[in-house]
Amino acid sequence: MSHATSIPHLRQQGTATQLVVDDRPFLVIGGELHNSSSSSLDYMRPIWERLVGFHLNTALAAVFWELIEPVEGSFDFALVDGLITKAREHGLRLVLLWFGSWKNGVSSYIPEWVKRDYKRFPRVRREDGKAIEVLSTLSPASRDADAKAFAALMRHLREVDGDDHTVIMIQVENEVGVLGDSRDRCAAANEAFTGAAPQELFEHLRQHRNELHPPLLHRWQSTGMRTAGSWEEVFGRGHETDELFMAWSYARYIDAIAAAGKAEYALPMYVNAWLNGADQVPGNWPSGGPLPHVLDIWRAGAPTIDLLAPDIYQTNYEQWCRDYTRRGNPLFVPEMRRDEEGARNVFMAVGAYDAIGVSPFAIDSLDPAAGGVLTRTYGVLEQLAPTLLEHQGKGEITGFVLDADHPTVTRTLGEYELQISLDKVFAYKAERGCGLIIATGADAFLGAGFGFCVAFRPRTLGPAQAGIATVDEGSYCNGVWTPLRRLNGDETWGGDYWRFPADTQSAAPLNGAYLVNAGTAISRCTVYRYE
Ligand code: DGJ
């Protein structure tokens, strides 16, 4: 007899928010497809196996308003059904990306009947008065048309997938915001901007005053924290205020769409962000998108959205993780680099920030064999996921990335302080490292990664020194630990370090040093204390 499981949802475990799928916590080991791949089931045919080769458990695939509702009121879900069937055949889950009103700030995915009817579905106007190919957030007609299509999609998903839960989460729109100007200047937008700023926003800002992003708080304080007046009267003049206004406006529009969808089938939903760079102004990045400095506005304006998600291609990965875990926002990274740097950051997001999941972009044009480090990283993550999820949110996991600028980090886990450094063996020193460590017991640790070594120091009363009792490399086969070598001698530097050698497949001597056990490894270490 089949047992009905709950709809995918989020739940709290300690400090972590987890995605629960079929009643069990689930780590999204994901990859996002190129934008147009999922528009053709034939094109997708050879890709599914490739995804499995990466050890992916979830594909992020776009679904398109223009193909779902090519004629107003008439819906076609053949493509969606085909994606679900193929994902099931390959043991994969799906996160569907709703390319509706906006994708990367523009409205190229709206159906032709919406494109052509610019009077019914008005466009953004920039300062020069020119309309651009972007739907205005200030149009209830556009919002309602999008919401109707999205609700139809969610209703269909409930009908075809309400028991199986192949689709586990939904991204609503994609990297929204106005490009080329700091705000929309169409007549309706100007009226809303110069009219009274919304009371619901003030209510939220008042309630969360102590948690607000400092620059937002300062802006509000600079006008005496007014709770009545136009946007400029409350937040001052400037493109920063234009961006706040746009953030509210996008948040309200998208919240209405998400609410219409959740009324049909309440899967977890998120909105993703195109991140800003230094020396830029709103409009260089999509103004109004869910960036850290307007996250409070989004939380106020889009309570139906479960989380705000960064697309992290930039180098300061950890800073973005920090910014996107403010105010209890759970971390999910729907887009990031797929190269070695991306692979290393997987350990950071999952190990240090309790991420629900990660998903390098353009996964389908990469060969898993050539994908090298990412494939190996996902291979170990797949094995570690159950243990990781069991320990999430309890202060029992750490994750890190090491390089020449950050050769060492110190972390505390249970009774020990862990000094984690770039690995070295004889003359050879790893240039890059990354990993995660889980405290599985008082003196027992499980680790994975490459290019680092760990020394332990007791931090509680008792014998003052720590030694390594045992190190075993191995793997999890169907959840059962299968040891391979007992590591000692060179492989632990005579018991000084728990080592994870550099990820190089070369077994050849390098500068006289033999790189043994090269590759992304999993091992278990037990520690004892003495004096
Ligand atoms: C970010 C977008 O969200 C993706 O859909 C894709 O266009 C990538 N940029 C391309 O780098």
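Counting from 1, the numbers follow the sequence of the chain as shown. Indexing begins at 1, ligand by ligand and atom by atom, following the structure's order.
- Taking the side chain as every heavy atom from C-beta outward, F121 and I110 never approach each other to under 4.5 Å.
- Judged by the 6.0 Å distance and 45° axis criteria, R252 is positioned over the aromatic ring of W248.
- Ligand 1 has no N or O atom lying under 3.5 Å from any N or O atom of Y313, backbone or side chain.
- Atoms of ligand 1 found under 4.0 Å from any heavy atom of N35 (numbered from 1 in listed order, with element): 4 (C), 5 (O), 6 (C), 7 (O).
- Ring geometry for H293 against W285 counts as perpendicular: the plane angle is over 60°, on a 0 to 90° scale with 30° as the lower cut.
- In the vicinity of E175, heavy-atom distances shorter than 4.0 Å reach the ligand 1 atoms 1 (C), 2 (C), 3 (O).
- The ligand atoms of ligand 1 that sit less than 4.0 angstrom from a heavy atom of N104 are 1 (C), 2 (C), 3 (O), 5 (O), 7 (O), 9 (N).
- A heavy-atom separation below 4.0 Å is not found between H34 and ligand 1.
- Counting atoms of ligand 1 from 1 in the listed order, those under 4.0 Å from a heavy atom of E335 are 1 (C), 2 (C), 3 (O), 4 (C), 5 (O), 8 (C), 9 (N).
- Relative to the six-membered ring of F361, R337 misses at least one condition, a distance below 6.0 Å or an angle of at most 45° to the axis.
- With ring centers used as reference points, W102 lies under 6.0 Å from Y253.
- Aromatic ring centres of F450 and F500 lie farther apart than the 6.0 Å criterion allows.
- Residues F245 and F193 bring their aromatic ring centres within 6.0 Å.
- The nearest protein atom to atom 7 (O) of ligand 1, hydrogens excluded, is given as K103 NZ, 2.9 Å; this is a heavy-atom distance.
- Nearest to atom 10 (C) of ligand 1 among the protein's heavy atoms is F361 CE2, 3.7 Å.
- Of all the atoms in ligand 1, the ones that sit under 4.0 Å from a non-hydrogen atom of N174 are 2 (C), 3 (O), 5 (O).
- The residue W274 has no part lying near ligand 1, judged by heavy-atom distances below 4.0 Å.
- Using cut-offs of 30° and 60° on the angle between ring planes, the pair W320 and Y324 is tilted.
- Considering backbone and side-chain atoms together, N272 places no N or O closer than 3.5 Å to any N or O of ligand 1.
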